[in-house]
Amino acid sequence: MVGHNVPVTTQASADLFARARAVTPGGVNSPVRAFNAVGGTPRFIRSASGAWLTDVDGNDYVDLICSWGPMLLGHAHPEVQAAVQAAVARGTSYGTPTEPEVELAEEIVARTPVDKVRFVSSGTEATMSAIRLARGVTGRDVVVKFAGCYHGHVDSLLASAGSGLATFAVPGTPGVPASSTELTLVLPYNDRTAVEAAFAEHGDRIACLITEAAPGNMGVVPPEPGFNRFLAETCRAHGALFISDEVMTGFRVTRQGQWGLDGAVEGWRPDLVTFGKVMGGGFPAAAFGGRADVMANLAPEGPVYQAGTLSGNPIATTAGLATLRLATDEVYARIREVADAIRTAAADALDAAGVPHVVQSSGTMFSVFFTAEPVLDFAGASTTDSAAYAAFFHAMLDRKVYLPPSAYEAWFVSSAHDDRAVTTVLDALPEAARAAAAVAEGA
Ligand SMILES: Cc1ncc(COP(=O)(O)O)c(C=O)c1O
């Protein structure tokens, strides 16, 4: 195994990054890929197999982002590949209904609390469409979301909290008009009092509340016990719809997503659910679904318009179907084992190095906060020591482990993470923890 004294050549990545920056803003097609939060040269990946990524310089890395969630079975799974290759040979898009999309919809309906599902091409489209449907069904306009929950780059959801708890939001980025966020309420996560206050003041105007089923986009911040049920019940009491965003958690934290950890146990159902990532098997596919009576409002059955040229694409739905059918209980058991081994070893290494940290998880999704106190919300997540994380990240990268290039992201593993991959991670952790200690506040 490559040790930390072996020089890593990154010249080919650096050359590609220079070319990329000349033709693409920041050189990347999604901001986090640019390494801005950790510094250094982003690795351009040429190929991937199982748990490993190979960059254009020929360096191998154990992959702990798994394409930000989708690659539940690891990269280039032979059976998924075979299904995709056979589908490609039949043509790549027809603009007509197809069999794989029916089969994938049946698989999703069988596993999750939705009666009907509509396919789209990205998680952003899924949440945007679910909100339109909720507004169309309720005839109301206001949307409630939580600070630190990311639902894609939907204008009305790129919002920052207003000055008071029940005050409407302001745009979270230039380019979003105030008129797009003035119907959005942004609340602190895990805060029942804030939810009660917002519904007390605006309840009859609220179309829906959207939440990540277990937030993973500020690092992993699990819902406190009963919090999702409380949200579902509050929405119901006020005639609003409860949208559970399972784009990241769906088919990932458990076979049934986050709902398998709370709703299925506690006996409640969200009105609408959004899906993405794993259900596309590494292709651009996502979906939103829900109660039959709610989904009946969607065109062409009902009046709420929604459409897409590549929606339900036969290659993407074939990849998603193959992935979900292969995602057996044994697959989740292995992912749990790998996740447990890595998060325990990370905590031990950081303890030994004296770096303040908290490891948080929901099912098999987890992350490490470089902060001393348990993180309940975005304010807590923001206390993470990002300089310490950057040092940790680069020390891991030097030892062939590719972590999320940002302190505020979940770590993802797959069933293809075999003992060699896990050992590579465990061997790298002590030295990376010492690198973090060298710059950590309070270490
Ligand atoms: C919970 C959640 N919702 C929505 C999205 C948006 O999905 P996409 O990037 O496919 O538009 C993401 C993306 O990471 C997500 O994590």
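The structure displayed is predicted, hence computed values, not measured ones. Just the heavy atoms: all of them, side chains too, but no hydrogens, waters or symmetry mates, feed the values below. In listed order, ligands and their atoms are each counted from 1. Positions are given from 1 along the sequence.
- For Asn297, there are no side-chain hydrogen bond (donor to acceptor under 3.5 Å, both in side chains) partners at least two apart in sequence or on another chain.
- Note that Arg336 lies outside the cation-pi zone of Tyr332, set by a 6.0 Å cut-off to the ring centre and a 45° limit from the axis.
- The aromatic rings of Phe35 and Phe393 sit perpendicular, their planes meeting at an angle over 60°, well past the 30° parallel limit.
- Judged by distance alone, the side chains of Asp245 and Thr274 do bring a donor and an acceptor atom under 3.5 Å apart.
- Listed by chain and residue number, the protein contacts of ligand 1 are Ser122, Gly123, Thr124, Tyr150, His151, Gly152, Glu212, Asn217, Asp245, Val247, Met248, Lys277 (heavy atom within 4.0 angstrom).
- Residues Pro42 and Ser13 share a closest heavy-atom pair of O-CB, 3.6 Å.
- Remark: of the listed residues Phe146, Tyr189, Tyr150, Phe369, Tyr189 is the sole one forming a side-chain contact (heavy atoms from CB on, under 4.5 Å) with Met218.
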